[in-house]
Amino acid sequence: MGCVSDKRWESFPDMFSAGLSLKETQDEEKEAKFNAKFPFEKVFPVYAMSLSKPDTDSILNSGRDPIWEAVREEAKLEAEKEPILSSFLYASILAHDCLEQALAFVLANRLQNPTLLATQLMDIFSNVMMHDRDIQRSIRLDVQAFIDRDPACLSYSSALLYLKGYHSLQSYRVAHALWKQGRNVLALALQSRISEVFGVDIHPAAKIGDGILLDHGTGVVIGETAVVGNRVSLMHGVTLGGTGKETGDRHPKVGDLALLGACVTVLGNIKIGEGAMIAAGSLVLKHVPPHSMVAGTPAQVIGSIDEQDPSLTMNHDATKEFFKHVAVSFRDGRSK
């Protein structure tokens, strides 16, 4: 998807140096924009309300990018409210022509070190994202997932600028693209930096779908042959690992719309069914049926999911079902 240049903001630094107020110079333009807002929710529906999946392909082909428009508008307003951040917001968002370039800049500056320079990383990220339509779609569906499912995510721009769960996921996507191109050494170098900086270790060969939420992200580990479906939510500390030194296909497969709670560990080449919910702290060692609720160490099925898909509602409190299961098991044990 080509970038759409916004000439109106090319003189942004000059406006600040001249002491001009954005509010004074842009009042009429902003008023017109707010009176004719683009219908973001119609294009990128709120997943938590179980609306249909957005048609991102038509958006990518339309020449309009409502998420990028929202990011820029938010950045302009934040620059007015917090002038000390104006240079940061200009360099990170307003100086760029599209979401891909802005994201490449943010990730490059987060992951740089003395021997892997920000300029080099910027070139790598930009080249991959500007030529990979799958990534262009994924970065938009992922940021929408954060907006819809994470109440701490205040805006599109805050996800882009500050949330390391989003940063680590998009950095992985670039590493995965490089891995598919046969550039394995570079992909592994990126994996190493992602792990060091964000505390998230995702092998570049792992396959992860769209609309993913990595809430907090800290401590997430996803192995080489793991597969994660679309619109899955992963809380901090989730491990999708192997069971030893075996080679080949040895990591979990997580179905669409599943929710894995904090510090869930799933080991081996087992399947987590579509729409399943794994309660926090569970150790999963066998297949989990679709739309079921499991908890414990080792995890056991303690109920079924009757409501909306748990990854969208983010309801992962299994306390009531867990204690019902314990009570029934205790009663059955005493009756034998």
Side-chain angles (χ1 to χ4, degrees), residues 1-6 38-47 52-75 92-111 121-149 153 155-161 163-181 183 186-187 190 194 202 204-214 227-232 256:
M1 183 179 72
C3 292
V4 180
S5 178
D6 190 345
F38 190 88
F40 298 114
E41 291 187 0
K42 291 183 179 179
V43 180
F44 293 91
V46 180
Y47 294 163
S52 59
K53 184 176 179 180
D55 183 5
T56 50
D57 288 331
S58 64
I59 295 300
L60 293 176
N61 293 325
S62 70
R64 288 201 72 180
D65 187 349
I67 286 184
W68 176 236
E69 291 173 11
V71 169
R72 288 183 62 83
E73 191 64 31
E74 291 163 2
S92 301
I93 294 176
L94 297 170
H96 305 287
D97 294 327
C98 57
L99 182 60
E100 288 76 13
Q101 288 183 357
L103 181 57
F105 178 88
V106 171
L107 297 180
N109 280 278
R110 292 298 304 274
L111 294 173
L121 289 171
M122 177 82 175
D123 288 342
I124 294 168
F125 286 121
S126 293
N127 184 60
V128 170
M129 288 191 286
M130 294 299 292
H131 296 91
D132 192 321
R133 292 185 67 82
D134 288 336
I135 290 183
Q136 292 168 12
R137 181 177 64 250
S138 295
I139 64 178
R140 288 165 174 81
L141 290 174
D142 291 343
V143 76
Q144 189 66 46
F146 278 78
I147 288 285
D148 294 341
R149 300 179 222 160
C153 183
S155 62
Y156 292 102
S157 59
S158 66
L160 174 65
L161 293 172
L163 298 188
K164 70 174 185 177
Y166 183 71
H167 293 164
S168 58
L169 183 58
Q170 307 323 313
S171 301
Y172 146 79
R173 294 196 186 283
V174 172
H176 180 65
L178 294 170
W179 184 272
K180 291 193 297 182
Q181 294 172 12
R183 303 174 71 182
L186 180 55
L190 279 181
I194 295 166
I202 306 175
K207 299 176 182 178
I208 300 179
D210 298 325
I212 304 299
L213 171 65
L214 286 189
V227 177
V228 177
N230 296 318
R231 306 203 312 184
V232 171
D256 295 348

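In this structure, the separation between CG on D132 and CD on Q181 is 8.0 Å, given to the nearest 0.5 Å. Between the CG atom in L111 and the CE atom in M122 there is a gap of 13.0 Å [rounded to 0.5 Å]. How far CG of L214 is from NE2 of H167: 12.0 Å, rounded to the nearest 0.5 Å. Going from atom CG of L121 over to atom OG of S126 covers 10.5 Å, rounded to the nearest 0.5 Å. Atom CD1 of I212 and atom CG of L169 lie 7.0 Å apart (nearest 0.5 Å).
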For side chain to side chain contact (heavy atoms under 4.5 Å, CB included), just list the numbers for D65 and R140, CA-CA rounded to whole Å, side-chain angles, deciding distance to a tenth of an Å, and then say yes or no. CA-CA 10 Å; D65 187 349; R140 288 165 174 81; 2.5 Å; yes

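Proximity of L103 to L160: side-chain heavy atoms (C-beta onward) are separated by under 4.5 Å at one or more points. Side-chain contact check for I93 versus V71: some heavy-atom pair is nearer than 4.5 Å. Counting heavy atoms from C-beta outward, D210 and D134 have side chains that stay 4.5 Å or more apart. Annotation: side chain of P204 is not in contact with side chain of L190 (no heavy-atom distance under 4.5 Å). Under the 4.5 Å side-chain criterion, counting only non-hydrogen atoms from C-beta, C98 is in contact with M130. Between L178 and V128 there is a side-chain heavy-atom pair separated by less than 4.5 Å. At least one side-chain heavy atom of Y166 sits less than 4.5 Å from a side-chain heavy atom of I139. Between N127 and H131, the closest side-chain pair of non-hydrogen atoms falls below 4.5 Å.
Heavy atoms only, all atoms of each residue included: R149 and V232 are closest at NH1-O, 3.5 Å. Across all non-hydrogen atoms, the minimal contact from F146 to L163 is CD2-CD1, 3.7 Å. The shortest heavy-atom contact between I202 and Y172 is CG2-CD1, 3.5 Å. Across all non-hydrogen atoms, the minimal contact from S92 to A102 is O-CB, 3.4 Å.
Judged purely by atom type and a 3.5 angstrom limit, H176 has no side-chain atom pairing as donor or acceptor with the backbone of S171. Looking at S168, its side chain does come within 3.5 Å of a backbone N or O of G165 through a donor-acceptor pair. The backbone N or O of H96 lies less than 3.5 Å from a partner atom in the side chain of R72, making a donor-acceptor pair. No donor-acceptor pair under 3.5 Å is formed between the side chain of Q136 and the backbone N or O of E100. A side-chain donor-acceptor contact under 3.5 Å links D256 to the backbone of N230.
Ion pairing of R173 with D142 is present here, as a side-chain N (NZ or NE/NH1/NH2) and a carboxylate O approach within less than 4.0 Å.
Listed by chain and residue number, nothing satisfies the ring-ring contact (aromatic ring centres under 6.0 Å, His included) test with F125 (two or more places apart in sequence, or in another chain).
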